J.: 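The structure's right below; bear with me while I get my questions together.
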Amino acid sequence: MSDSADPAELQKHVKKYLFIGALLLVGTVITVALAFVELPTHSMNIILGMIVATIKASLVALIFMHLNHERPLIYKFLAFTTAFCIVLFVLFIFSNSDPLVDHNFEKPLQPAEQLEAP
Amino acid sequence: MDIPYTVHARPDTGLYNAKVGIWLFLASEVMLFGGLFSSYIFLRLGADYPWPIHELRWDLGFINTVVLIASSVTVVWAWAAAKMRQFGRCQLLLAITVICAGVFMVNKFLEYKAKFEHYSVTLTDGSILSGHLEHGYHITFGEIQELNLNIPVKHSAVTSDPVNYVLPFAEGTIPAFKTAEGSDVTLDAAGFTKLRADAIAKAKAERRDSAVVKLIAASPFKLVFGKSDVFTYTADSAIFRDGTSVTGKLIDDKITLTADALDLRSVSAANRENSIAFDARYLGEAWKKHYILNRDKEIHDFNTKYSDGKGGTTRNPAKSATFQKHAFGLHIEGQHPPAAGAAPGEHGGAETDAHSAEAGHSSGHGAKVVIEPKDVTFFSNYTPKLNTYYAIYFTLTGLHGMHVVGGALVLLYFLLFNGKMMREDTEHFANRIEVGGLFWHFVDLVWIFLFPLLYLL
Amino acid sequence: MSAATTHDHSHAADHGHDHHKQAWIWKYVFSTDHKTIGIQYAITGLLFLLFGFFLMLLMRWSIAYPGVTVPGVEVIRAIPGLGFVFEEMFGRWLNADGSLNGELYNMLGAMHGTIMVFFGVVPLGFAGFVNFVMPLQIGTIDMAFPKLNMLSYWFFFISCVMMMASFFIGTGPVQTGWTMYSPLASTMNIGVTNVWNHGHTWWLMSMVFNISASLLGSVNVVTTVINLRAKGMGWMRMPFFCWAMFIIGFLLLLAFPPLEVAALLQLSDRLFGSSFFLPTGLMEGGKHLDISGGGSPLLYQHLFWFLAHPEVYVLILPAFAILTDVIPCNARRPLWGYKMMVYALLTLAFLSFLVWAHHMYLTGMGTMMSTYFQITTVLISVPSVILLTGLMISLWGGSIRFNTQMLFASAFLPMFGIGGLTGLPLAFSFIDLALHDTYYVIGHFHYVVAPGTIFALFAGVYHWYPKATGRFMNDTLGKWHFWPSLLGMNLIFAPMFIQGMAGFHRRWYDGGKYFEQTAQSQNWSTTLTHKIGAFFGFDIPDNMLSLNIVMTFGAIVLLFGQVFFIYNFWVSIKGGKKVASDNPWDATTLEWATPSPPPHGNFVFDVNAHRGPYEYSVPGHPTDFFPQWESEHGKPKPDGSDEVKTASASHAHH
């Protein structure tokens, strides 16, 4: 599309941009509303909020930034960038909680009688 | 000898140079904000204090989101308009985009300003009082008769310079000074330069690393300074940041805070009711009673709302951030708690009443308390210093704000100075708008994540 | 055009602008020409390498002779001008007797690391060579964004000035190691009169400029490789040099931002009192700091090493890039396994982002993290070995010309091999626990970077010098440069392995003198040193400390070798032997098709890459090399009247 100069085609695109803009506003209202709903745990609020944000961000990236029909080369850069970003997130999380070791080892041992109970 | 593919795409890659460039730059930006967001995750997971939620003005954040989305639409529309050769419309849309950026930054300014003027005082038991300082915070030191200058012979980071680092804090007249040997010294720039040169020469002659000069004031004087102007102070001496020490008497270092909120989440459950903040010197019994009433009401509400019908709750109260915040925190609207319900407020507030009478000032938006430094472990306004949440908040939004300004300046440049190119070399101009627009969308994209993470969740 | 003069920007004021209408300031200083910028970067990088080397000499003196007056201090102090500069930079930190103290040693250590990595090797190895050679090799007239390219150099220049300025300000330069680990780096000297009196603030600001420069440079390099390759220059016809530089561009692009984050957060810790990297309850000098706490030093290390491990490959890959040109050319053999090397390179680059925390086994980051990073670290040795093996097998059956660049190139192979193999044990956390922060680690990475990368960079300088200036560097002086360098490097770094395994810590300013247990230990190497010393009439004690004297001696030998290089480099600009042809080494890649030195715009005919980059000793071809720019019908004529006329269509200027 970035090289197309057909006015009718572009006019259609402008309508699409306005529609996506409206969709993003709706998404924003949803985001705000979600933040004030008490879900069973706050982490669920966070996860849900991030999902809505990701959808909004994808709309911006795909439509406004024309990523929905960009050249393969750009997909290649972005794939690597995204991969490294995810590595950054995931490993930062794992350096806070280590699933391989028992996290209770620093807690005091249970009383002897409880340990001996069958 | 022109560089190829500056305007038209190279056939095999399908891209013109600037587009490759901007996407590479954006990839780098993704890693920049990726690093910041992963720091956010790391700090939040590792936080050893209740991570603040709903503490920022979400309404301002919401307006900014709307503004940024609108500007994203206008900038991509401007690109389409340029392609369609609708030049007037293109310029109008670009102008709207830049104005949106301005609105965004004004909001940001208001938000930051409110934060800088808001203070938080952590007491020794972990209670946190927040509020405003009507007159700032100053340490008053009086009856000063001696200045001790410490001047290293070699160029050094800490070398006494009382003209710039001590005397500006003097209140009232600055007396004349005499050296220990009895000669008169005028403490202005020229006088001090001479004094310093003499002292260094003398120290060099005596093969010492630094010169110590004692100046005696003809009459006692008074210094009023901020906390960050000194390394440290005690009841009878203070050492300024340039290494000059003074001896005298500490007159006042109390914090006069118009408290608007109390946060007891960091106090152990058993001690919350006995928080130092409810001491008779500070908020007093009335607020304590109000706190207990409020807490019990919140607990009752929570238990009713999330009752599982078997005497328990479906939600763990310890994991409900909002419940914790409301139940173990307190809003302080006036000098006295509202006399709602059966709260015996009017009896209990006598002590704080006395304070307020003393100060001769009754604030409409908080309770005035005068906090003694010995009860304080940490004191800061709402800046990056306050905690890691505000630190990452200011870093993320500040950096994002800088991107907004940068992007807006680029678009403004296209709007103001590329008119000729727009008409004569439309393809090139449209490419510029596309590249500027890609950056602008990226800025919007970052905000889409920032807004919920910092303002809402 | 081909008679254009040298590109020495600093001494060119008096000559050479008769062929161009540009004033010399635009031609040599604020130039947008990729060749000039490349040479600017290269010369700046070389100067910083020399400066970093002098810092190291001071450090080595203190290690070998702690508490002994540095020789010549009083002489330098007495020289007008230089004496003042020396006094402000180092002199004011020296002890009264002119010996080094720990504080100065820490400054020198931190600045040696910073300068060598960010101001020496990367500007020379990446920015210098890529700017000069890469556009020529892919057959284009300039970089994709020439103005940004100039801006990149000047950002880098600002960062150099700020870094040097930090020597002159109140606290002196940083003392916290080139890694700037928090919390020490977040809190050190925090209380002085103003933030601009901290060397630290200057370090961080300087790095922000340095990172911006590298960002602009790498965007430029990657875009140029993608979009400006000449007709016929397909991805798999591109010289390995360009492949490696293309990949380094990506590494810089994606790895530097997290360091920028780390620098910004640390700056915030220092300027605004935040606690990103400061844990709760941190005390200094028996007092609680006035901070909120709640942060973590581990966060800093993650952000830092996320950059710094890819950065290691940024340091090494220019060496491979240069040698894949130098070795096939001088062995007269094609590069062995070109495609496999390219794939190994891509794998290496990808994996380099996944291994960073093997620098952090000692931080207590958790068993799963260590396990994961041990696996990836061992994996990454596979592509590294492929790259080295490819270069080594390229020598097989060649008729090798042992000119200076080939000597450096062939010394690189075993030296890098030693560096690489000694790294393998460090990949395992249980061995790293013992060797971490010892001289073993120092020996390991210096073998990789000093006799490794820097030898390759010297090879590159000797190789492309005739292209840049139209004159050769003297080969005899080159050999006088090479042999002392080889000897000196090994005398410095080989004993480090022995000391490291004996437990010598890397940050002892006195070289271990006050640590009796380590100092008294002996083994065969100390006995050998003692006996050799005795043979020459020196009384060198038979203990580990004597190795310090060996290393310091090695550093002086190394300095001796560099004298020849410096002399050769400057004198050959005007006094070297002139090149007889534009392709003096009978090489095949496109840069040798341009006049020497190349004029603005580079090529005098329309370039077209007809074949792969390493067509040496092609059976049936009359000469032993078949350049990329020659078609089956022969060489294109400068006026473009050859058959390559058709090729110009794709290069048409829109």
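Every chain is numbered from 1 and lettered A, B, ... according to where its sequence line falls, protein lines coming before strand lines. As a basis for the values below, the full set of heavy atoms in this structure was taken, side chains included, without hydrogen atoms, waters or symmetry mates. If you're wondering where the values come from, they're calculated on a predicted model, not measured in any experiment.
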J.: With respect to chain B, which residue among A/Leu73, A/Leu34, A/Thr28, A/Leu18 yields the maximal number of heavy-atom pairs within a distance under 4.5 Å?
T.: A/Thr28
J.: Is any side-chain heavy atom of A/Lys56 closer than 4.5 Å to a side-chain heavy atom of B/Phe449?
T.: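 Of all side-chain heavy-atom pairs linking B/Phe449 with A/Lys56, none is under 4.5 Å.
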J.: Among the options B/Leu15, B/Thr13, B/Leu26, pick out the one with the most heavy-atom pairs lying under 4.5 Å from chain A.
T.: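 Of the options given, most contacts go to B/Leu15.
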J.: Is any side-chain N of the basic residue among A/Glu38 and B/Arg315 closer than 4.0 Å to the acidic one's carboxylate O?
T.: yes
J.: Taking all non-hydrogen atoms of both residues into account, name the closest pair between A/Ala35 and B/Leu456 and its distance.
T.: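 What the structure gives for the nearest pair is CB-CB, 3.5 Å.
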J.: Is chain A contacted by the side chain of B/Tyr306, its backbone, both, or neither, given a heavy-atom distance below 4.5 Å?
T.: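 B/Tyr306 touches chain A through side-chain heavy atoms alone.
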J.: Roughly how far, to the nearest 0.5 Å, is the OG atom of B/Ser39 from the CG atom of A/Leu88?
T.: 7.5 Å
J.: Are B/Trp79 and A/His66 near enough that their ring centres are under 6.0 Å apart?
T.: yes
J.: Given a strict heavy-atom distance threshold of 4.5 Å, which part of B/Thr65 is in contact with chain A: side chain, backbone, both, or neither?
T.: side chain
J.: Is the number of heavy atoms from other residues, nucleotides or ligands within 6.0 Å of CZ (A/Phe36) greater than 12?
T.: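 Counting neighbours around CZ of A/Phe36, more than 12 heavy atoms of other residues, nucleotides or ligands fall under 6.0 Å, so yes.
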J.: Mind checking whether A/Phe84 and B/Val30 have side chains closer than 4.5 Å, heavy atoms only?
T.: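 Counting from C-beta outward, A/Phe84 and B/Val30 never come under 4.5 Å.
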J.: Specify whether B/Phe42 and A/Phe92 have parallel, tilted or perpendicular ring planes, treating 30° as the upper limit for parallel and 60° as the lower limit for perpendicular.
T.: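 The rings of B/Phe42 and A/Phe92 stand perpendicular, inter-plane angle above 60°.
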J.: Picking from B/Trp440, B/Trp23, B/Phe439, what satisfies side chain to side chain contact (heavy atoms under 4.5 Å, CB included) with A/Met65?
T.: B/Trp23
J.: To the closest 0.5 Å, what do you measure between CZ (A/Phe89) and CD1 (B/Ile41)?
T.: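 If I round to the nearest 0.5 Å, the distance is 5.0 Å.
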J.: Is A/Thr54 close to chain B through its backbone or its side chain, or both, or neither, when contacts mean heavy atoms under 4.5 Å?
T.: both
J.: Given a strict heavy-atom distance threshold of 4.5 Å, which part of B/Phe451 is in contact with chain A: side chain, backbone, both, or neither?
T.: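 Interface part for B/Phe451: side chain.
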J.: Testing the basics here: between A/Phe64 and B/Val76, what is the closest heavy-atom pair and its distance to 0.1 Å?
T.: O-CG2, 3.8 Å
J.: Would you compute the distance between atom CD1 of B/Ile22 and atom CD1 of A/Ile74 and round it to the nearest 0.5 angstrom?
T.: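 The CD1 atom of A/Ile74 is 10.5 Å from CD1 of B/Ile22, to the nearest 0.5 Å.
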J.: Might you point out which heavy atoms bring A/Thr81 and B/Met31 nearest each other, and give the distance in Å?
T.: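 Of all heavy-atom pairs spanning A/Thr81 and B/Met31, the closest is O-SD, 3.8 Å.
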J.: Using 0.5 Å steps for rounding, measure from the CG atom of B/Leu445 to the CG atom of A/Leu59.
T.: 10.0 Å
J.: Could you check whether any side-chain heavy atom of B/Phe62 comes within less than 4.5 Å of a side-chain heavy atom of A/Val29, counting everything from C-beta outward?
T.: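 Of all side-chain heavy-atom pairs linking A/Val29 with B/Phe62, at least one is under 4.5 Å.
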J.: Need one label for B/Ser320: side chain, backbone, both or neither, based on atoms under 4.5 Å from any heavy atom in chain A.
T.: side chain
J.: Quick one: of A/Val52, A/Ile20, A/Leu67, who has the most non-hydrogen atom pairs under 4.5 Å with chain B?
T.: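 Heavy-atom pairs under 4.5 Å are most numerous for A/Leu67.
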J.: Would you name the heavy atoms of A/Met50 and B/Pro452 that are closest together and state the gap between them?
T.: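 Where A/Met50 meets B/Pro452 most closely, the heavy atoms are CE-CG, 3.9 Å.
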J.: Is it true that, when you exclude B/His331 itself, more than 12 heavy atoms of the residues, nucleotides or ligands shown sit nearer than 6.0 Å to its NE2?
T.: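 Open.
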J.: Under 4.5 Å, counting heavy-atom pairs only, tell me which of B/Thr314, B/Leu453, B/Val75 racks up the most with chain A.
T.: B/Leu453
J.: Atom CG of A/Leu24 and atom CD1 of B/Ile448: how far apart are they, to the nearest 0.5 Å?
T.: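 Output value for this atom pair is 5.5 Å.
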J.: So, do A/Ile46 and B/Arg44 sit near enough that their side-chain heavy atoms are less than 4.5 Å apart?
T.: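 When only atoms from C-beta onward are counted, B/Arg44 and A/Ile46 do touch, with a gap below 4.5 Å.
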J.: Minimum heavy-atom separation for B/Gly34 and A/Cys85, please, with both atom names.
T.: CA-SG, 3.7 Å
J.: Tell me whether B/Lys83 is salt-bridged to A/Glu9, with the criterion being a basic N under 4.0 Å from an acidic carboxylate O.
T.: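 A salt bridge is absent here (no side-chain N lies under 4.0 Å from a carboxylate O).
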J.: Where is the tightest heavy-atom contact between A/Val14 and B/Ala80, given as atom of each residue plus distance?
T.: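 So the two residues come closest at CG2-CB, 3.7 Å.
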J.: Where does A/Leu78 contact chain B at under 4.5 Å (heavy atoms): side chain, backbone, both or neither?
T.: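 For A/Leu78, the side chain is the part near chain B, not the backbone.
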